[in-house]
Structure formats: structure tokens, C-alpha cells
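In what follows, a structure is listed as C-alpha cells, so that the remarks can point back to it.
Keep in mind that this is a model prediction, so the values were computed, not measured. Computation of the quantities below employed the complete heavy-atom set of this structure, encompassing side-chain atoms and omitting hydrogens, waters and symmetry-equivalent molecules.
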Amino acid sequence: MGKYIAGFGEIMLRLGPSGKHRFGQVLPGELEAVFGGGEANVCASVAMFGLKSRYLTALPDNAIAKACAANLRGIGIDVEQIVFSKAGRMGIYYAEMGSNARGSNVIYDREGSTVSMLTVADYDFQAMLADVKHLHLTGITPALTKNAYEVTLALAKAASESGITVSVDLNYRKKLWNWEEGTAKRDLAGRCMQEIVKFADIVIGNEEDAQDVFGISASNTSVQTGKLNIAGYEEVAGKLAERFPKAKFVAITLRESISADHNNWGGMLYDVKTKKAFFAPLDADGNYAPYQIRDIVDRFGGGDSFVGGLISALNIPELASPADAIRFAVAASCLKHTIPGDMNYVSRAEVLNLMNGSASGRVMR
């Protein structure tokens, strides 16, 4: 059995104004720079929780990309299988943080990125998957180009055939999926993700991904107004499990967006074998009672921190039960909303403290 939890996908340079400033207020001027990307964020959480993590991607052979790899290595992630190529560039995304009724905004500048250009022939899957026990993929990277889709699909197939556990976060991005002219974005996403997700042991999505990608929705829910019918997501998970029989678990994050600064946050883990749904967090009576996250510092990477927490918990014997795994995942992602940047710089002990009711924010002396 392997020891690494690996993730494959695109990592980008994230540039944005400090605090809640708008681009027009700070440019010309300074932008804050960090690195981030869905799969890399998951690998970062895994490493910070004390497990072996490996990040797989393709980057341009230049100083910015080398700094990115060094940053990941410093977190404790194995970056030895990153492909450095003379083709392409490093993608960039510009992030402007919202406040109250003003939502956050993302501007992508990632066309022509290295990972979007390389083909299956440019990767050594055997070396990438050596000593790997779990591979995480998302719907973000295959949304970039046909090449990136074909690489993601081939890697999912290779991992599954090697007995490696595969998790897939649907991660629908409406600004992507532009690479097949004449095909609607949701149609292209549905067709391609159908092929990738059939190799998944764990299927993950947020409160609207299943609707956007596969047309599966929870009744009496309005994501736009932040009103969710929580019980309806058990049905969504059941339908996803029927569609993808290899899946052992279906996980869904549950975000009620009151404003850009105030979200209610929780999650559900559906055990396909027992057909039982586990929700978190719960109140003293065992009823679902989401974390009320006010004064959000940074919500980017919130879903990734959930996935990182879930995958980690399922690989930690004392946290591997569905009830504990979903509690750990939701607590981890709750804490991410207090951390600037894409990655969740919290420890396993801090997540366990929140799980056990320590949510006052008192100074630790």
C-alpha cells in the first residue's frame, strides 16, 4: 500500500488587493501575491495535518514556477514529480475580496498555461503514482483545454486500475469549459466529468455542483438567496451514488451565503454502503446546526480545505468513521475562512479543538 496522498491539477499565482480594497483603488500600485489552486490547496492541508502529500502538475521552467515549487516543498509537500517544461506559462488569477452585499470577484488569466498545453505523452504516470495510495482530482483542470481533460481522465483511469483510491471534486467553474466550440459549457462539463467521475471512490461537490454538472438538484433550495433545504442533499447524494456505482462516499459542502462576510457552513457525508447521511456540525440534541462564520477573512479555498480535511480524516484511523470524518472536514474548512490566502494554515490539533467545542477564539497561553 502506498503512503502518499497526491493531487493533480493547475496551480496559479494569485494576485489581489490587500484587505477589502478594490482593484481600482490600488492600481497602479501593489498587489499581494500567493500561490493557489484547488488540488494544491488540498495537498497543503494534507501535509499540514501530518500526512504524506505529493503534488502533481506541469509548470514552466522559470524562476516564478521554481519559487512556487519551493513554497510547496516548504509546507511539506513532495514536489519531485512536477514536470517543468519550456512550453506555456504559469496561470494567474486576480482575486478581489467582497464585503457585505458586494461579492468577491475572480479574473482569470490562465490561457496558455503549461498544464493546459501538455498531453498525456508528456507525463510519466508510473513515476507520478509510485507509492501513492490516494489521488485527488477536480473538475477545474479538465475545464481548461481538451489536453488537460485527456490527461486528467487518463490519470484517473491509471490510478483506478492500480488500486489507488480516487476522489473527484466536481468544482464547476462557469468561467471555464470554453474549449469545445459550439458546445454549451454545462453540456461539455457533464459529458467530460461523467467519464472522470466513473473512476471515483469519493465524489465531492458543493451545494450547486451536482445541478450544474449533472442536472441533479435538491428540492426547495435557492443557492442565490442562501436558503438550502439541507435534507434534500441526502437525495442528491443518493442519485450521484446510483450514477457512479464505484463511489463509496459522496460528500457535499453546505454553504448558506448570508453576505460576503457572513456564511453558515456545514457538510454532509453519504455512506453509499449503508445509504446513511452524516451531517456536521450538530447541536447538543444531534440536529444539524451549521457554523455561523461572521467577519470572513478569506473564503477562497474553503471547499478545498473541506476536501483536505475529509481525505486526511479518512486516512487517520481514529478519525476515519463517517461521523468523525465529516466533523473534521467541516471544522477544518470553517477555520480556513479565518486564514488569508488559498491554503489552510491550521494544524490537526486546532481542528480537533474546534470539533470538541472550542470556538471562542481565546488567546492560547
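The closest side-chain heavy-atom distance from Met355 to Phe328 is below 4.5 Å. Side-chain contact between Phe249 and Val272: absent, with no pair of heavy atoms (C-beta onward) separated by less than 4.5 Å. For the pair Phe300/Met343, no side-chain contact is recorded, criterion being any heavy-atom separation below 4.5 Å from C-beta on. At least one side-chain heavy atom of His134 sits less than 4.5 Å from a side-chain heavy atom of Asn315. Side-chain atoms of Leu15 and Tyr93, non-hydrogen and from C-beta on, never get closer than 4.5 Å to each other. Here the side chains of Asn147 and Glu150 are in contact, with some heavy-atom distance below 4.5 Å. Looking at Phe278 and Arg327, their side chains never come closer than 4.5 Å, going by heavy atoms from C-beta outward. Counting heavy atoms from C-beta on, the side chains of Asp304 and Lys336 never come closer than 4.5 Å.
Residues satisfying the side chain to side chain donor-acceptor pair (under 3.5 Å) test with Lys66, not counting sequence neighbours, are Asp61. Residues passing the salt bridge (charged side-chain N to carboxylate O under 4.0 Å, His left out) test with Glu10, sequence neighbours excluded: Arg110.
Side-chain contact of Glu39 with Thr141: a donor-acceptor pair under 3.5 Å is present, judged by distance alone. Side-chain N/O atoms of His136 and Ser167 include a donor and acceptor closer than 3.5 Å. Counted by atom type alone, Ser99 and Asp261 present one or more donor-acceptor pairs between their side chains at under 3.5 Å. Using modelled atom types and a 3.5 Å distance limit, the side chains of Thr119 and Asp122 yield a donor-acceptor pair.
Note that CG of Asp298 is 10.0 Å distant from OG1 of Thr338, once rounded to the nearest 0.5 Å. Atom CG of Leu135 is separated from atom CZ of Phe199 by 12.0 Å, given to the nearest 0.5 angstrom. Leu176 CG to Ser116 OG: the interatomic distance, rounded to the nearest 0.5 Å, is 11.0 Å. The CG atom of Leu170 sits 9.5 Å away from the CG atom of Asp212 when rounded to the nearest 0.5 Å. Met48 CE to Asn344 CG: the interatomic distance, rounded to the nearest 0.5 Å, is 7.5 Å. Atoms CG and OH, from Asn206 and Tyr233 in turn, are 8.0 Å apart once rounded to the nearest 0.5 Å.
Looking at Ser85, its side chain does come within 3.5 Å of a backbone N or O of Ala87 through a donor-acceptor pair. Of the possible polar contacts, one joining the Glu96 side chain to the Phe23 backbone as a donor-acceptor pair under 3.5 Å is found. No donor-acceptor pair closer than 3.5 Å links the side chain of Tyr291 to the backbone N or O of Val330. Counting only distance, with no hydrogens or angles, the side chain of Gln211 and the backbone of Glu208 share no donor-acceptor pair below 3.5 Å. Proximity of a side-chain donor or acceptor of Arg102 to a complementary backbone N or O of Met97 within less than 3.5 Å is detected. In this structure, Tyr4 contributes its side chain and Asp78 its backbone to no donor-acceptor pair below 3.5 Å. Side chain of Ser113 to main chain of Gly91: no donor-acceptor pair is present (N/O by atom type, distance under 3.5 Å, no hydrogens or angles). Without hydrogens or angle criteria, Thr152 side chain to Ala148 main chain gives a donor-acceptor distance under 3.5 Å.
Heavy atoms only, all atoms of each residue included: Gly266 and Pro290 are closest at N-CB, 4.4 Å.
The pair Asp201-Lys248 meets the salt-bridge criterion, since a charged nitrogen lies less than 4.0 angstrom from a carboxylate oxygen. A salt bridge links Asp342 with Arg14: the closest approach of a Lys/Arg side-chain nitrogen to an acidic carboxylate oxygen falls below 4.0 angstrom.
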Before giving the answer on side-chain contact (heavy atoms from CB on, under 4.5 Å), spell out for Asn264 and Ile293 the whole-Å C-alpha distance, their side-chain angles and the decisive distance to 0.1 Å.
CA-CA 6 Å; Asn264 293 341; Ile293 310 174; over 6 Å; no
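For residues 156-176, the salt bridge (Lys or Arg N to Asp or Glu O under 4.0 Å) pairs, not counting sequence neighbours, are Lys157-Glu161.
Using bins of under 30°, 30° to 60° and over 60° for the plane-to-plane angle, the ring pair Phe214/Phe244 lands in the tilted bin.
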